[in-house]
There are 2 protein chains.
Amino acid sequence: MPKRVDHDERRTQIAEALIQVAGRQGLHAVGMRDVAAEAGVSLRLVQYYFQTKEKLLFHGLQHLTDRFTARVGARLAAAGPDPGPRATIEVLLLASLPTDEESRTFHLLYSSYSILSVTDEALAAQPFIDRPDAAENALTELIRQAQETGRADAGADARTEAISLLAMTATMGTSILVGQRTPESAIAALQYHLDRIFNSRQTAPTAR
Amino acid sequence: MPKRVDHDERRTQIAEALIQVAGRQGLHAVGMRDVAAEAGVSLRLVQYYFQTKEKLLFHGLQHLTDRFTARVGARLAAAGPDPGPRATIEVLLLASLPTDEESRTFHLLYSSYSILSVTDEALAAQPFIDRPDAAENALTELIRQAQETGRADAGADARTEAISLLAMTATMGTSILVGQRTPESAIAALQYHLDRIFNSRQTAPTAR
DNA sequence: CTCTTTGTGATACGACCGTACCATAGTGGT
DNA sequence: ACCACTATGGTACGGTCGTATCACAAAGAG
């Protein structure tokens with residue numbers, strides 16, 4: 001059996017198992033034995049590829065964000081080439097809502113990691129700051145573009161609106177997660193604000 | 001030593017200790033021995049007044065929300081009798097932001113409990129649904145009042161705006177918690193939306 | 001003054017968890 | 001063909017955690 005094996009591949013497989021089991025039981029309740037069982041490997045192997053649980057958790061977060069980035073990318077690509085700023089923003093926001101199993105898991109675990117990072121300084125050093133900032137900048141730029149081309153309310157503060165949309169989306173996601181709100185009502189609230197920011201044009205892409 | 005003792009008082013003392021130590025180490029990391037040490041009692045006593053850890057955690061959540069309710073009530077009272085709808089909303093929202101140690105602890109623990117409730121069905125049955133709904137209704141009513149008296153934009157959807165304000169505030173709180181945003185910038189974003197919803201009138205002397 | 005109840009201490013138990021250690025089979029290098 | 005190294009299994013160790021048990025002192029009831 002000991003043929004040379006791709007470490008990155010194995011690590012990904014194990015990280016995936018971590019995410020699966022953590023999504024089911026909660027991040028706080030996952031042990032290395034659970035991860036091993038989920039991945040179909042022995043406990044020793046999890047130790048072998050990640051020396052410590054802390055490292056495993058770090059890599060799990062990394063993998064989680066990577067997967068989410070890929071997911072958003074795929075949605076953007078599926079929206080066709082150059083959809084308008086509004087359609088782009090819609091894709092970005094809606095991709096973040098926990099509407100299917102994958103996004104539900106993502107939202108739960110990302111929230112768990114965030115909360116954990118408040119009291120765990122080692123986690124706080126991880127990529128929690130970069131990603132949200134990037135999203136904020138992207139949305140700000142999209143709104144600015146729309147304003148310059150007259151497709152959005154020129155009186156709106158682009159950055160504040162971007163921050164607000166992201167903030168709303170985040171809480172909406174958690175509300176959906178805990179069963180306090182339906183995805184539909186969350187989407188409706190977001191659309192309300194997009195309608196407010198963007199001049200009434202159809203959402204449709206630039207077909208033809 | 002065994003003179004008759006007030007159970008409720010002791011339970012409150014222990015619940016307080018739970019909140020203190022959980023605010024420091026994170027809810028996931030708190031054990032019954034930690035709580036006992038923080039409260040200055042023996043482990044046995046924690047067992048005596050709460051039979052199980054689960055019950056202790058439930059009561060901790062209860063105590064946490066009670067304390068928060070009292071805090072908000074005090075802030076409202078401090079705002080004087082009948083401040084306008086906008087000032088009232090400001091008090092409600094700003095009281096939720098983690099600006100001092102107490103609110104920081106509250107926000108951290110409430111978030112922790114929420115996340116926990118996603119994968120723990122026993123917790124999910126606790127008062128997570130009632131409270132946010134009450135806040136949402138209260139804000140909606142305040143905005144409606146302002147609209148009827150011409151102090152707020154009549155074209156706004158009161159309920160959606162209420163939901164949005166609360167949602168934004170929640171995420172802002174978490175962002176402050178993880179050090180990603182300053183309280184000042186969070187308040188500025190909230191004020192931006194209040195300025196949008198309410199007709200330009202003075203804010204009334206409120207903020208602390 | 002006894003007896004029962006209440007409050008409290010100390011400590012033991014069994015489970016689990018992360019980590020470390022030992023062994024070994026296969027594989028590539030020379 | 002040997003050797004060294006990689007990948008993997010099995011298992012043991014020390015610690016901690018929630019809970020249970022035993023013991024007992026003080027206080028109220030009769």
Side-chain angles (χ1 to χ4, degrees), chain A residues 1-22 24-61 109 112-113 116 119-123, chain B residues 1-61 109 112-113 116 119-123 126:
Chain A
M1 308 146 190
K3 38 185 173 187
R4 230 33 160 275
V5 89
D6 185 343
H7 271 222
D8 284 342
E9 195 177 322
R10 266 261 196 271
R11 286 166 62 91
T12 297
Q13 172 198 357
I14 295 177
E16 201 86 34
L18 163 66
I19 290 174
Q20 285 314 114
V21 66
R24 247 183 285 126
Q25 314 179 345
L27 190 59
H28 66 285
V30 45
M32 313 212 73
R33 286 167 177 83
D34 303 295
V35 175
E38 179 79 16
V41 301
S42 73
L43 169 62
R44 181 66 180 80
L45 270 252
V46 179
Q47 285 187 264
Y48 183 70
Y49 289 101
F50 303 89
Q51 293 72 43
T52 173
K53 185 183 185 182
E54 190 175 52
K55 289 181 185 172
L56 171 60
L57 287 179
F58 285 180
H59 192 79
L61 173 58
L109 296 189
S112 300
Y113 274 112
L116 229 49
T119 45
D120 184 329
E121 50 180 301
L123 252 183
Chain B
M1 308 138 192
K3 36 185 172 190
R4 229 37 159 273
V5 89
D6 185 343
H7 271 222
D8 284 343
E9 195 177 322
R10 267 259 197 276
R11 286 167 60 91
T12 298
Q13 172 198 356
I14 295 177
E16 202 86 35
L18 163 66
I19 290 174
Q20 285 315 114
V21 66
R24 249 183 284 125
Q25 314 178 346
L27 190 60
H28 67 284
V30 45
M32 314 211 71
R33 287 166 176 84
D34 302 295
V35 175
E38 179 79 16
V41 301
S42 73
L43 168 62
R44 179 66 178 83
L45 270 252
V46 180
Q47 285 188 264
Y48 183 71
Y49 289 101
F50 303 89
Q51 293 72 42
T52 172
K53 185 183 185 183
E54 190 175 54
K55 290 181 184 172
L56 171 61
L57 287 179
F58 285 179
H59 192 80
L61 173 58
L109 295 189
S112 300
Y113 274 112
L116 228 49
T119 46
D120 184 329
E121 50 180 304
L123 252 183
Q126 295 293 111

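These figures come from a predicted structure and were not determined experimentally. In what follows, chains are A, B, ... by sequence order, proteins preceding strands, each numbered from 1.
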Asker: Which pairs, protein N/O on one side and nucleotides 18-22 of chain C N/O on the other, fall under 3.5 Å?
Answerer:
{"unit_1": "dG18(C)", "atom_1": "OP1", "unit_2": "Lys53(A)", "atom_2": "NZ", "d": "2.5"}
{"unit_1": "dG18(C)", "atom_1": "OP2", "unit_2": "Met32(A)", "atom_2": "N", "d": "2.9"}
{"unit_1": "dG18(C)", "atom_1": "N7", "unit_2": "Arg33(A)", "atom_2": "NH1", "d": "2.8"}
{"unit_1": "dG18(C)", "atom_1": "N7", "unit_2": "Arg33(A)", "atom_2": "NH2", "d": "3.4"}
{"unit_1": "dG18(C)", "atom_1": "O6", "unit_2": "Arg33(A)", "atom_2": "NH2", "d": "2.9"}
{"unit_1": "dT19(C)", "atom_1": "OP1", "unit_2": "Thr52(A)", "atom_2": "OG1", "d": "2.7"}
{"unit_1": "dT19(C)", "atom_1": "OP2", "unit_2": "Lys53(A)", "atom_2": "N", "d": "2.8"}
{"unit_1": "dA20(C)", "atom_1": "N7", "unit_2": "Gln47(A)", "atom_2": "NE2", "d": "2.9"}
{"unit_1": "dA20(C)", "atom_1": "N6", "unit_2": "Gln47(A)", "atom_2": "OE1", "d": "2.9"}
{"unit_1": "dC21(C)", "atom_1": "N4", "unit_2": "Arg44(A)", "atom_2": "NE", "d": "3.0"}

Asker: Are any non-hydrogen side-chain atoms of Val41(A) and Gln13(A) less than 4.5 angstrom apart?
Answerer: yes

Asker: Less than 4.0 angstrom between a side-chain N/O of Tyr49(B) and OP1 or OP2 of dG7(C), yes or no?
Answerer: no

Asker: Reckon Ser42(B) has a side-chain N or O less than 4.0 Å from the OP1 or OP2 of dT8(C)?
Answerer: no

Asker: Check whether any side-chain heavy atom of Tyr49(A) sits under 4.5 Å from a side-chain heavy atom of Val5(A), and report yes or no.
Answerer: yes

Asker: Are Thr119(A) and His28(B) close enough that some pair of their side-chain heavy atoms sits under 4.5 Å apart?
Answerer: yes

Asker: Whole-Å distance between dT6(D) P and Glu9(A) CD?
Answerer: 19 Å

Asker: How many whole angstroms separate atom CG of Asp8(B) from atom C1' of dT6(C)?
Answerer: 16 Å

Asker: Could you tell me the separation between the CG atom of Leu27(B) and the P atom of dC17(D), rounded to a whole number of Å?
Answerer: 14 Å

Asker: Rounded to the nearest 0.5 Å, what separation is found between the CG atom of Asp6(A) and the CZ atom of Arg4(A)?
Answerer: 12.0 Å

Asker: Tell me which nucleotide among dG28(C), dT8(D), dG9(C) gets nearest to the side chain of Arg4(A).
Answerer: dG28(C)

Asker: Can you name the residues that form a salt bridge (charged side-chain N to carboxylate O under 4.0 Å, His left out) with Arg44(A), not counting sequence neighbours?
Answerer: none

Asker: Is the phosphate of dT6(D) approached by His7(A) (side-chain N or O, under 4.0 Å from OP1 or OP2)?
Answerer: no

Asker: Do His7(A) and Tyr48(A) come close enough that some side-chain heavy atom pair is under 4.5 Å?
Answerer: yes

Asker: Could you work out how much the helix from dC1(C)-dG30(D) to dT30(C)-dA1(D) bends, comparing the axis of its first five pairs with that of its last five, to 10°?
Answerer: 10°

Asker: Taking only N and O in the side chain of Tyr48(B), is any of them less than 4.0 Å away from OP1 or OP2 of dT8(C)?
Answerer: no

Asker: Contact between Leu57(B) and Tyr113(B) at the side-chain level, heavy atoms closer than 4.5 Å - yes or no?
Answerer: yes

Asker: How many Å lie between NE2 on His28(A) and P on dC16(C), as a whole number?
Answerer: 16 Å

Asker: Within a strict 4.5 Å, meaning less than it, do heavy atoms of the Leu45(A) and Arg10(A) side chains meet?
Answerer: yes

Asker: In whole angstroms, how far is the C1' atom of dT11(C) from the CG atom of Leu45(B)?
Answerer: 15 Å

Asker: Using atom CG of Asp6(A) as one end and atom P of dT6(D) as the other, report the distance to the nearest whole Å.
Answerer: 15 Å

Asker: Looking at Arg33(A), Gln20(A), Arg24(A), which one forms a side chain to side chain donor-acceptor pair (under 3.5 Å) with Glu38(A)?
Answerer: Arg24(A)

